Undergrad: 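This is the structure I want to talk about, given as structure tokens.
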There are 2 protein chains.
Amino acid sequence: MTDSELEKFKKVLKDENLKLTPQRVEVFREVCNSDEHREAEEIYLALRKRDINVSRSTVYRTMDILYQYDLVQRMDIGDGKWRYEHWLNCHQHDHLICIRCGTIVEFINTQIEGIQKDVAEKFNYQLVRHVHQLFGLCKQCQDTPVSVK
Amino acid sequence: MTDSELEKFKKVLKDENLKLTPQRVEVFREVCNSDEHREAEEIYLALRKRDINVSRSTVYRTMDILYQYDLVQRMDIGDGKWRYEHWLNCHQHDHLICIRCGTIVEFINTQIEGIQKDVAEKFNYQLVRHVHQLFGLCKQCQDTPVSVK
DNA sequence: TCTCATTTGAGATTCAATCTCAATAAGAAC
DNA sequence: GTTCTTATTGAGATTGAATCTCAAATGAGA
Ligand SMILES: [Mn+2]
Ligand SMILES: [Mn+2]
Ligand SMILES: [Zn+2]
Ligand SMILES: [Zn+2]
């Protein structure tokens with residue numbers, strides 16, 4: 001977590017009349033110091049492992065705030081759990097997801113973004129956001145026999 | 001539900017050693033006779049409304065079979081519920097979703113499909129399926145003031 | 001018609017997420 | 001620093017979609 005990230009968080013809290021608590025800072029720190037796409041539960045457990053006790057409720061509530069005020073990105077890959085990722089200093093991007101091992105790779109394609117705008121315009125939709133996920137087998141999983149266990 | 005749709009369903013059941021029950025046929029009929037994107041619960045309630053009693057469990061189980069054997073399409077728009085749609089005689093397509101009223105419009109863009117293949121290839125992923133959803137405000141919602149209620 | 005594995009229905013269970021509420025603590029006012 | 005008000009926390013309860021359990025019912029091949 002850089003100073004500027006922390007300042008940005010403090011500013012959001014101040015602007016929204018939310019209090020700066022040690023729990024909120026610890027959750028934000030944990031999120032900043034990873035570039036994975038993690039579930040709230042994983043963030044909760046990572047904190048516990050570091051002997052930082054923040055309740056599960058507070059982790060969920062803090063992730064809501066971070067998402068609400070655009071300090072993290074949130075994604076749903078269809079398994080009923082939200083995954084969060086560090087978002088600051090990072091461009092909008094989409095994901096390639098391995099259906100066997102779960103590896104997530106990020107991609108940016110400006111050509112697709114342009115076409116998305118065209119499609120929305122054609123149907124008179126005012127585009128707000130999009131979800132674009134490509135599911136398949138990563139190289140390693142293509143080369144690994146199915147039942148190794 | 002056309003005869004050919006029913007025949008297709010019967011063939012799948014036979015091929016997979018699954019039994020042709022009145023409940024399964026009624027669920028499939030309900031799905032075929034609508035072009036909406038509906039939750040299992042909505043399908044269950046629609047059947048009850050028509051005085052066709054199929055248990056909630058059986059509706060869920062049948063939707064699983066229909067999805068499993070590619071007789072319906074399934075989508076997740078991020079609200080924790082699966083939505084199912086009639087799929088036979090219908091091409092792969094993507095969705096524009098209104099974030100206010102929930103209206104869903106379908107679109108097909110072969111150019112994007114081509115780029116998806118390129119992206120997957122570039123990252124050495126063997127593409128299996130994709131999720132592409134554009135969220136925004138439909139024309140009507142853009143023109144309607146927020147708090148009418 | 002008989003047999004037996006499959007299916008059904010009702011209710012229990014799961015699990016991520018949200019809610020409740022009493023105890024605690026942030027931070028503004030003095 | 002002390003006081004005061006209000007937001008926040010933590011523990012556990014609750015929600016809701018989906019899945020599981022198991023006894024009773026039934027499809028379908030013999
Ligand atoms: Mn990402
Ligand atoms: Mn559709
Ligand atoms: Zn993989
Ligand atoms: Zn709308």
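Proteins come first, then strands; the chains are lettered A, B, ... in the order of their sequence lines, and each starts at number 1. All values derive from a computational prediction rather than experimental measurement.
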Undergrad: Is the distance between the ring centroids of His37(B) and His95(B) less than 6.0 Å?
TA: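 Ring-ring flag for His37(B)/His95(B): true, centres closer than 6.0 Å.
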
Undergrad: Looking at Glu106(A), I want to see if its CD is surrounded by more than 12 non-hydrogen atoms of other residues, nucleotides or ligands under 6.0 Å.
TA: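 More than 12 heavy atoms, drawn from other residues, nucleotides or ligands, come within 6.0 Å of this atom.
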
Undergrad: Show each protein N/O and nucleotides 14-16 of chain C N/O combination with a separation under 3.5 Å, one pair to a line.
TA:
from: dA16(C); atom 1: O3'; to: Gly80(A); atom 2: O; distance (Å): 3.4

Undergrad: For Ile65(A) and dT18(C), what is the distance between atoms CD1 and C1' respectively, to the nearest whole Å?
TA: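 Value for this atom pair: 14 Å.
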
Undergrad: Ignoring hydrogens and geometry, is there a side-chain-to-backbone donor-acceptor pair from Glu30(B) to Val27(B) under 3.5 Å?
TA: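 Pair absent, no side-chain N/O of Glu30(B) close to backbone of Val27(B).
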
Undergrad: May I have the distance from Leu20(A) (atom CG) to dT9(D) (atom C1'), rounded to whole angstrom?
TA: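 Computing the Leu20(A):CG to dT9(D):C1' distance gives 15 Å.
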
Undergrad: Reading DNA chain D from 5' onward, which residue's closest nucleotide shows up sooner: Val54(A) or Pro22(B)?
TA: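 Nearer the 5' end of the strand: Val54(A).
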
Undergrad: To the nearest Å, give me how far apart CD (Gln68(B)) and C1' (dA18(D)) are.
TA: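 Taking CD of Gln68(B) and C1' of dA18(D), I get 16 Å after rounding.
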
Undergrad: Any side-chain to backbone donor/acceptor pair from Thr144(B) onto Gln140(B)? Under 3.5 Å, distance only.
TA: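 Side chain of Thr144(B) to backbone of Gln140(B), a donor-acceptor pair under 3.5 Å: yes, one is there.
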
Undergrad: Is the base of dG12(D) touched by the side chain of Arg56(A) through a donor-acceptor pair closer than 3.5 angstrom?
TA: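 No.
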
Undergrad: Let me see the working for Met1(A) and Asn33(A) under side-chain contact (heavy atoms from CB on, under 4.5 Å), right down to the final yes or no.
TA: CA-CA 6 Å; Met1(A) 182 173 63; Asn33(A) 293 341; 4.1 Å; yes

Undergrad: I'd like to know if the side chain of Gln142(A) and the backbone of Asn124(B) have a donor-acceptor N/O pair within less than 3.5 Å.
TA: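 Here the side-chain-to-backbone pair exists.
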
Undergrad: Considering only NZ, NE, NH1 and NH2 on the basic side and carboxylate oxygens on the acidic side, decide whether Asp79(B) and Arg83(B) come within less than 4.0 Å.
TA: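 The answer is yes: the pair qualifies as a salt bridge.
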
Undergrad: To the nearest 10°, give me the bend of the helix from dT1(C)-dA30(D) to dC30(C)-dG1(D), comparing the axes of its five terminal pairs at either end.
TA: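 Here the helix ends are tilted 30° relative to one another.
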
Undergrad: If you take all heavy atoms of Asp94(B) and His132(B), which pair is closest and at what distance?
TA: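 Reported closest heavy-atom pair: CB-O, 3.4 Å.
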
Undergrad: Calculate the interatomic distance between Leu45(B) atom CG and dA17(D) atom C1'; express it in whole Å.
TA: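 It works out to 13 Å between those atoms.
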
Undergrad: Whole-Å distance between dT9(D) P and Met63(A) CE?
TA: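 Distance check: Met63(A) CE to dT9(D) P gives 14 Å.
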
Undergrad: Could you tell me whether the phosphate oxygens of dG9(C), OP1 or OP2, come under 4.0 Å of any side-chain nitrogen or oxygen in Thr58(B)?
TA: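 Answer is yes, contact under 4.0 Å.
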
Undergrad: Do you reckon Leu13(B) sits in the same ILVMFWY cluster as Tyr84(B), going by side-chain contacts under 4.5 Å, direct or chained?
TA: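 Result: yes, single cluster for both.
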
Undergrad: For Ala40(B) and Leu18(A), take the nucleotide of DNA chain D holding the closest heavy atom to each; which residue's nucleotide lies nearer the 5' end?
TA: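 It is Leu18(A), whose closest nucleotide lies nearer the 5' terminus.
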
Undergrad: Separation of Lys10(B) atom NZ from dG27(D) atom C1', in whole Å?
TA: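 It is 14 Å, rounded to the nearest whole Å.
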
Undergrad: Check this for me, if you would: do Asp118(A) and Lys122(A) make a salt bridge, where the nitrogen-to-carboxylate-oxygen distance has to be below 4.0 angstrom?
TA: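 Here Asp118(A) does not pair with Lys122(A) in a salt bridge, since their nearest N and O are not under 4.0 Å apart.
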
Undergrad: With a 4.0 Å cut-off, would you call Lys11(B) and Asp15(B) a salt bridge?
TA: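 A salt bridge links Lys11(B) with Asp15(B).
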
Undergrad: Can you check nucleotides 1-6 of chain D for protein contacts, nitrogen or oxygen pairs under 3.5 Å, and list what you find?
TA:
from: dT6(D); atom 1: O2; to: Lys19(A); atom 2: NZ; distance (Å): 3.2

Undergrad: Which is true for Arg24(A) with a 4.0 Å heavy-atom rule: it touches a base, it touches only sugar-phosphate, or it touches nothing?
TA: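 It contacts sugar-phosphate atoms only.
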
Undergrad: Starting from C1' on dT8(D), measure out to CG on Asn53(A) and report it in whole angstrom.
TA: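 Atom-to-atom, Asn53(A) to dT8(D), this comes out as 17 Å.
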
Undergrad: Are Arg74(B) and Glu85(B) ion-paired here, with the side-chain N under 4.0 Å from a carboxylate O?
TA: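 A salt bridge is absent here (no side-chain N lies under 4.0 Å from a carboxylate O).
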
Undergrad: Within the 4.0 Å heavy-atom criterion, would you say Asp64(A) contacts the bases, only the backbone, or no part of the nucleic acid?
TA: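 Contact class for Asp64(A): sugar-phosphate only.
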
Undergrad: Do the side-chain N or O atoms of Gln23(B) get closer than 4.0 angstrom to the phosphate oxygens (OP1, OP2) of dG9(C)?
TA: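 Yes, within the criterion.
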
Undergrad: Classify Thr21(A) by what it touches in the nucleic acid, base, sugar-phosphate, or nothing, heavy-atom distance under 4.0 Å.
TA: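 Sugar-phosphate, backbone atoms only, no base.
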
Undergrad: dG10(D) P sits how many Å from Arg61(A) CZ, rounded?
TA: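 Distance check: Arg61(A) CZ to dG10(D) P gives 8 Å.
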
